[in-house]
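Worksheet: the structure to be examined is printed underneath.
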Amino acid sequence: MRLTWLQLIKSSEWEHRAANQQQRTFEVAPRRGVLYDRNLRELAMTVLVDSVYAVPSELGENRAGAAEILAKVVHADPTDNFTSQQQMLARFTASRNFAWVARRVDAETAQRVRELNLKGVYLQKEFKRFYPNNDLGAQVLGYVGSDDAGLGGLELKFDDEMHGAPGHMLTALDAKRHVMDSAEREPLPGENLVLSIDANIQYMAERALDAQMEKVKAAHGTVVVQDPHTGQVLALAISPRFNPNDQKHMDSSVLQNLAVSDVYEPGSTFKLVAYSAAIDSAGVEPTDIVDCQGGAMTMFGRTLHDDKSDHFGRVTVQYALEHSSDVGAAKMALKVGNQKFYEYMRGFGFGDRSGIELPSETRGLLQAPKKWGATSILSMAIGQEVGVTPVQLVSMVSAIANGGVYIPPRILLQSTDEMKGDPRLQPAAYRPANQLPANLPEGSRRVISEMTSAKMRKILWGTVTEGTGSQAKLNGYTSAGKTGTAQKIDVATHTYSHTKLVASFAGFAPVSNPAISIAVVIDTPTLGTRYGGTTSAPVFAEVAQQVLEYLGVPHDQPLTKTKNVPPPVEEAVTSEPDDLNAMFAEVNNLPADDPLHAANAPAPQQQSALPAPAPTPSRSENALKLLPAKVLAAFKANGGTSSTMPDAAGGQTAALHAPVVKPAVQNLERGAVIVDSSKRVAVPSFDGNGLRTVVEQASAIGLRVEPVGSGLAREQVPAAGTMVPVGTQVVVRFTR
């Protein structure tokens, strides 16, 4: 009867109790997916670390003592209550079979626990999320909790895809709790994400933003760098940031991704919509005249003022935008009308989510025309009564830069199962394009015509060269953009504050062939003038200059030496020009009597103690100096330097003679020869250009290059303008 009772009636109960004694089931966590930048640098990865746990039933009556000893080892942070002695003892009391002691400890702590050799205390391998670059792109990447669940940024947005499926391990134990055998079900790792972010560009943006934030003592700031032709975000910098590796000391006030969730009134940067709409649909031309009425305009009892220092009258449309006239912008919007102006705002992406792969994106604030007040169009024309995000702002600027097509921003390139090192997964280094892709992403649309885009680019270039954006000028590159200074609403008075401002700048570079678009938004600067032109434009200039150089974008204007930049070290130790002359003669195998020797030799010293009088340049020489370099080169190439030019009075001036080059047969090694034919070309000026640009310019006219050093071209032989045979090898010295 007893046997029947145990094996039939109570069999399931005893089987369960036996399994608890003889078997132990562990859940094996999957490896979380890796976050890569576009060059396959790890931004977030998973590593194996030790966690400490205890079996309270094995501790017996020694639970309190074990908790005290373990706390002295693992409780290194006073703010960490989880590893305190009291909390640990409470867990030992509440559970019989399993209780955590400490999760994901460092190697040193794990070794000290092993050395304690406490009965009933064990170590188990667990995955830990690790961010190799600490706070780089923190708000974009996000962070994970102790249970490996995403709690912010991309970690939260793609938590299901990156988490993977857990596995299980079933182990059999003997009477002394030793493992006899085990059966495993392997976990499935999560998917890896390749982002459009370039870690180097991200670092450049964050460094420039942090420096300006420290200088102006602002509340927070944002910089977004975008490829205008694809919408890919190359950098998204927010300051201040947090370190996702140190969650115990994380400040909750800096976790938010302000680039997509922070709405602010854009101010004057929003004037680009009004001007673009007027030029595109109302027949307005940049050279048309607009009456700014001395800086004040009254409509329906409301007076709109320009800045107190501006009292513009009748000026061109281009001048009004370059100098950020509020009255001029309002008149552009009035020419378009409420409904049409609203359609252009929506066309540029305002009032709707962009769809960027980041959590908590907001639509911004944009009401339909039927909800507008009598003067709402005036407010919206100057960036009031409308709320935007930095990502929306940079996308609008990119549409103007790329020829008039709005392309939704994106930050995710691909989701993949392959790991770095797999030949199927290749880096996608950013290479600036000069045209839109053949297949535009979903959501793309034309907002303005290509002609309107070209006109706006020219105006925005003038804003930097002649207007309020002068501090956004670059060295060696043209740049364009618009400043903005918006007043914030005072929550106490519900009116615009005169002390709390949002300074912004949105622009692109280079002007004729934009490679990058950048939006800089700095909230509540407290030091300095606090305007967009003096607070945000310098950040744009620093980021754009570094990024364009990093990408190898060819210069589109001459380099100038800046006052604050010391001369390169190499320039102080470079060889005398005679060395380059000798190298030029050697690589071209010039005979001793070749005229090119004399053409590049230094001028002989005067025998007299008095300096020789400087020759007076003729009118034609002065005129030639005013010609652009390309025009002058073409003029010389067509024989202009050896012919006479009529002066202003119609007479003939003295001819400008190039060095005379006699035809000769030049012998090279291995029996090769160069025949100096009668066709000659003018050597262009390579000063300030990189090696690739120099080679391209030389090859275009049939010359070869012998480079010396690295960096930018600083010295050349023969000199610019010298007439040489086609095929001549020009020696160019490069320094950094």
Side-chain angles (χ1 to χ4, degrees), residues 263-284 288-315 317 319-321 323-352 362-389 392-393 396 447-448 452 482-498 500-502 504 532:
V263 176
Y264 73 102
E265 288 190 341
S268 295
T269 54
F270 204 73
K271 293 175 182 177
L272 302 185
V273 180
Y275 279 86
S276 297
I279 294 175
D280 195 63
S281 65
V284 174
D288 290 350
I289 300 298
V290 56
D291 187 2
C292 296
Q293 303 178 201
M297 169 185 174
T298 302
M299 178 177 173
F300 294 109
R302 176 190 173 186
T303 302
L304 183 68
H305 295 278
D306 281 340
D307 189 81
K308 59 184 178 181
S309 61
D310 297 331
H311 303 284
F312 304 122
R314 292 174 57 82
V315 296
V317 170
Y319 187 92
L321 179 55
H323 295 80
S324 199
S325 169
D326 287 354
V327 175
K331 290 196 170 184
M332 294 299 105
L334 289 172
K335 282 182 174 291
V336 178
N338 289 11
Q339 184 60 36
K340 202 71 175 176
F341 186 39
Y342 173 75
E343 292 174 1
Y344 274 96
M345 288 188 285
R346 291 300 299 264
F348 277 116
F350 299 110
D352 199 3
T362 180
R363 297 176 181 272
L365 301 174
L366 179 61
Q367 292 184 327
K370 62 182 180 181
K371 297 182 179 180
W372 292 6
T375 60
S376 290
I377 190 171
L378 304 184
S379 299
M380 292 182 177
I382 62 174
Q384 295 179 353
E385 290 190 30
V386 60
V388 307
T389 66
Q392 289 176 334
L393 182 65
M396 179 263 288
V447 186
I448 57 177
T452 300
K482 183 70 186 75
T483 59
T485 307
Q487 296 172 299
K488 297 182 68 175
I489 297 292
D490 191 328
V491 294
T493 62
H494 298 285
T495 59
Y496 284 106
S497 171
H498 294 286
K500 296 181 179 181
L501 307 173
V502 178
S504 58

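If you're wondering where the values come from, they're calculated on a predicted model, not measured in any experiment.
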**Request:** Apply side chain to side chain contact (heavy atoms under 4.5 Å, CB included) to W372 and I377, showing your working.
**Result:** CA-CA 8 Å; W372 292 6; I377 190 171; 4.2 Å; yes

Any heavy-atom pair between the side chains of [Y] and [X] that's under 4.5 Å?
X    : Y    : result
Y275 : V284 : no
V315 : I289 : no
V290 : Y319 : no
S324 : K482 : yes
D291 : K331 : yes
S379 : R302 : yes
L304 : M299 : no

**Request:** Let me see the working for L321 and L272 under side chain to side chain contact (heavy atoms under 4.5 Å, CB included), right down to the final yes or no.
**Result:** CA-CA 8 Å; L321 179 55; L272 302 185; 4.3 Å; yes

**Message:** Has Q384 got a side-chain atom pairing as donor or acceptor with A486's backbone, closer than 3.5 angstrom?
**Reply:**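 Answer holds: no.
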
**Asked** So, E265 side chain and E385 main chain: donor-acceptor pair closer than 3.5 Å or not?
**Response**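 Yes; at least one donor-acceptor contact below 3.5 Å.
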
**Request:** Go through the steps to decide whether D326 and H305 satisfy the test side chain to side chain contact (heavy atoms under 4.5 Å, CB included), and finish with yes or no.
**Result:** CA-CA 7 Å; D326 287 354; H305 295 278; over 6 Å; no

[X] side, atom [atom1]; [Y] side, atom [atom2] - distance, nearest 0.5 Å:
X    : Y    : atom1 : atom2 : result
F270 : M396 : CZ    : CE    : 7.0 Å
D280 : T452 : CG    : OG1   : 3.5 Å
Y342 : L366 : OH    : CG    : 5.5 Å
R314 : Q293 : CZ    : CD    : 11.0 Å
Y264 : L365 : OH    : CG    : 12.5 Å
M345 : D352 : CE    : CG    : 13.5 Å

Which pair of heavy atoms, one from [X] and one from [Y], lies closest together, and at what distance?
X    : Y    : result
S504 : P266 : OG-O, 3.8 Å
Q392 : G387 : OE1-O, 4.3 Å
T362 : T389 : CG2-CG2, 3.5 Å
S325 : C292 : OG-SG, 3.4 Å
K371 : Q367 : O-OE1, 3.6 Å
L378 : L334 : CD2-CD1, 4.0 Å

**Message:** Out of the candidates L501, T269, V502, D307, only one should pair with T485 under the side chain to side chain contact (heavy atoms under 4.5 Å, CB included) rule; please name it.
**Reply:**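 By the side chain to side chain contact (heavy atoms under 4.5 Å, CB included) criterion, T485 pairs with just one of L501, T269, V502, D307: L501.
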
**Request:** Evaluate the criterion side chain to side chain contact (heavy atoms under 4.5 Å, CB included) for residue pair I382 and K271; output intermediate values, then yes/no.
**Result:** CA-CA 5 Å; I382 62 174; K271 293 175 182 177; 4.0 Å; yes

**K335 atom NZ, neighbour heavy-atom count above 12 within 6.0 Å** =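 Atom NZ in K335 is not crowded, with 12 or fewer foreign heavy atoms closer than 6.0 Å.
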
